[in-house]
Amino acid sequence: MAKYKIALLPGDGIGIDVLDAAKIIFDKIKLDAEYIYGDIGWKFWCSEGDAFPQRTIDLLKNVDTALFGAITSKPVKAAQAELIPALQSKGLTYRSPIVRMRQMFDLYLCLRPCKAYPGNPLNFKEGIDLVIFRENTEDLYAGVEFYPPPQELIDALGKTSKPFAAFSKLPPDQYAISCKINTKAGSERIVKAAFDFARIMKRKKVTIVHKANVVRASDGLFLETAKDVAKQYPDIQTDDANIDALTMWLLKNPFNYDIIVAPNLYGDIISDLCAQMTGGLGFGCSGNIGSKLAVFEPTHGSAPKYAGQYKVNPIATILAVKMMLDWLGEKDKAVQIEKAVAAIIKDGKIHTYDMGGNAGTLDMAKAIAERM
Ligand code: NAI
Ligand code: MG
């Protein structure tokens with residue numbers, strides 16, 4: 001029996017292209033692993049009314065870790081329209097399978113390193129090396145949403161919230177409610193993970209992201225909890241920043257930042273910004289980490305316009321494989337992959353379209369595999 005069981009979940013669009021590239025890397029490192037492909041994504045929503053079928057949930061319960069490509073998500077009306085006719089009248093509602101997976105398996109830590117590898121023509125500035133800790137299960141992604149809001153909710157909010165009066169006069173089909181739910185325990189564990197990482201990796205500072213001056217209840221709780229956690233780490237510098245100001249400061253002086261910890265939505269936004277500063281979405285890798293399971297992925301989506309063309313950059317996914325090996329404790333293999341990626345970037349001889357070249361997805365993966 002192999003030492004590891006690894007699920008490969010390509011999903012939709014370029015998720016398939018980049019997982020084919022990842023397989024080239026897995027084959028090269030000769031990890032003692034069994035790879036099992038699983039179904040996820042838009043096509044399964046259309047054909048069976050479930051983008052995250054039970055068989056895939058069962059698969060994830062039986063593997064050590066998984067590599068996920070990307071999925072396509074569409075708004076409510078488009079999702080209904082694309083269901084096969086036999087399913088259209090069943091009242092099914094679409095929810096992103098990756099968001100469901102993060103919640104179902106309590107993959108609370110979304111780890112997103114953003115490092116400018118020397119020589120990358122797409123680096124905003126050389127030397128950027130940021131690590132984002134994004135809370136991954138709560139906040140505006142909690143999935144507690146209403147459109148139109150039910151009467152019981154309108155009545156309850158009318159009794160308990162003064163600002164709600166302005167909205168309650170509207171006909172229910174004229175407004176929607178999405179709840180931002182942040183818990184003390186959820187905030188505590190993500191902030192603690194960020195500080196523990198800072199200590200182990202000998203990093204100097206943790207920045208707490210919020211908008212507590214306006215979103216007083218949920219972001220207020222996140223900030224207050226984070227500051228309490230920070231007291232246990234006097235050896236690490238701490239500061240905090242409003243999400244809007246932070247986007248400006250990050251562009252102005254990225255070297256003032258080191259580790260960034262944020263609630264779910266702000267973390268999502270900041271990680272695309274930081275990915276762009278270090279090469280773009282073709283370089284952004286991500287780990288969804290829980291206490292039992294971890295699922296690794298590129299941060300990008302399914303980029304439908306490039307689907308099946310094997311032209312997008314596989315480096316984000318290959319760096320996600322590197323993160324997986326770190327998590328499995330296969331440090332030497334992780335270093336081997338990262339060194340090869342860094343060497344190929346530094347050589348500057350092979351570039352995918354985003355880097356200004358013509359190399360295909362699999363050409364890039366093969367070049368990296370040859371350097372290992
Ligand atoms: P996207 O990330 O799929 O693509 C945006 C653009 O970034 C692309 O058009 C392309 O120019 C560039 N890009 C992305 N990946 C690249 C790569 N590997 N190499 C080079 N360039 C790359 O975001 P978009 O277009 O907003 O969303 C497309 C679909 O993906 C939507 O249905 C969205 O819901 C879904 N999505 C899924 C995610 C996931 O599976 N975790 C994350 C983000 C979006
Ligand atoms: Mg995102």
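Whatever order the structure lists ligands and atoms in, that order sets their numbers, starting from 1.
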_Short side-chain to backbone donor-acceptor contact, Thr225 and Leu221, under 3.5 Å_ = yes
*asked:* Need the ligand 1 atom indices (1-based, order shown) with element for anything under 4.0 Å from a heavy-atom of Tyr306.
replied: 9 (O), 10 (C), 11 (O)
*Which atoms of ligand 1 are found less than 4.0 Å from any heavy atom of Ala70?*
40 (O)
_Ser73, any N or O under 3.5 Å of ligand 1 N or O_ = yes
*May I ask you to decide whether Arg203 forms a salt bridge with Asp129, counting only side-chain N to carboxylate O separations under 4.0 Å?*
yes
*Check each atom of ligand 1 against the heavy atoms of Thr299 and keep those under 4.0 Å away; list them by number with element.*
42 (C)
*Report the part of Lys305 in contact with ligand 1, treating N, CA, C, O as backbone and CB onward as side chain, heavy atoms under 4.0 Å; options are side chain, backbone, both, neither.*
side chain
_Do Ser302 and Thr72 pair up side chain to side chain, a donor and an acceptor below 3.5 Å, judged on atom types alone?_
yes
*When you measure from atom 35 (C) of ligand 1 to each heavy atom in Ile98, Ile71, Ile40, Thr72, which option holds the nearest one?*
Ile71
*Would you call Asp50 and Arg55 a salt bridge, taking side-chain N to carboxylate O under 4.0 Å as the test?*
no
*Could you list the atoms of ligand 1 found under 4.0 angstrom from a heavy atom of Leu281?*
2 (O), 7 (O), 14 (C)
*When only distance counts, is Val18 in polar contact with ligand 1, meaning an N/O pair under 3.5 Å?*
no
_His300, any N or O under 3.5 Å of ligand 1 N or O_ = yes
*Between Gln54 and Asp58: side-chain donor-acceptor atoms closer than 3.5 Å*: yes
_Pairs meeting criterion ring-ring contact (aromatic ring centres under 6.0 Å, His included) with involvement of residues 224-275, two or more places apart_ = Phe195-Tyr233
*Where ligand 1 meets Glu297 - atom numbers and elements under 4.0 angstrom, heavy-atom basis*: 41 (N)
_Quick test of your reading of the model: are Asp155 and Lys159 salt-bridged, counting only N-O distances below 4.0 Å?_
no
*Can you pull the ring-ring contact (aromatic ring centres under 6.0 Å, His included) pairs that have at least one residue in residues 86-125, sequence neighbours excluded?*
Trp42-Tyr94, Trp45-Tyr94
*Pull out every atom of ligand 1 sitting under 4.0 Å from any heavy atom of Gly282, numbered as shown with elements.*
17 (C), 18 (N), 19 (N)
*Any atoms of ligand 1 less than 4.0 Å from a non-hydrogen atom of Pro304? List them with their elements.*
28 (C)
_Phe68 neighbourhood, listing ligand 1 atoms whose heavy-atom distance to it stays under 4.0 Å_ = 40 (O), 41 (N)
_As a check for students: among Ala307, Gly15, Gly301, identify the option with a heavy atom nearest to atom 2 (O) of ligand 1._
Gly301
*Between the side chains of Gln103 and Thr137, is a donor N or O closer than 3.5 angstrom to an acceptor N or O?*
no
*Answer yes or no: is there an ion pair linking Lys349 with Glu370, defined by an N-O contact shorter than 4.0 Å?*
no
*With a 4.0 Å cut-off on heavy atoms, is Ile14 touching ligand 1?*
yes
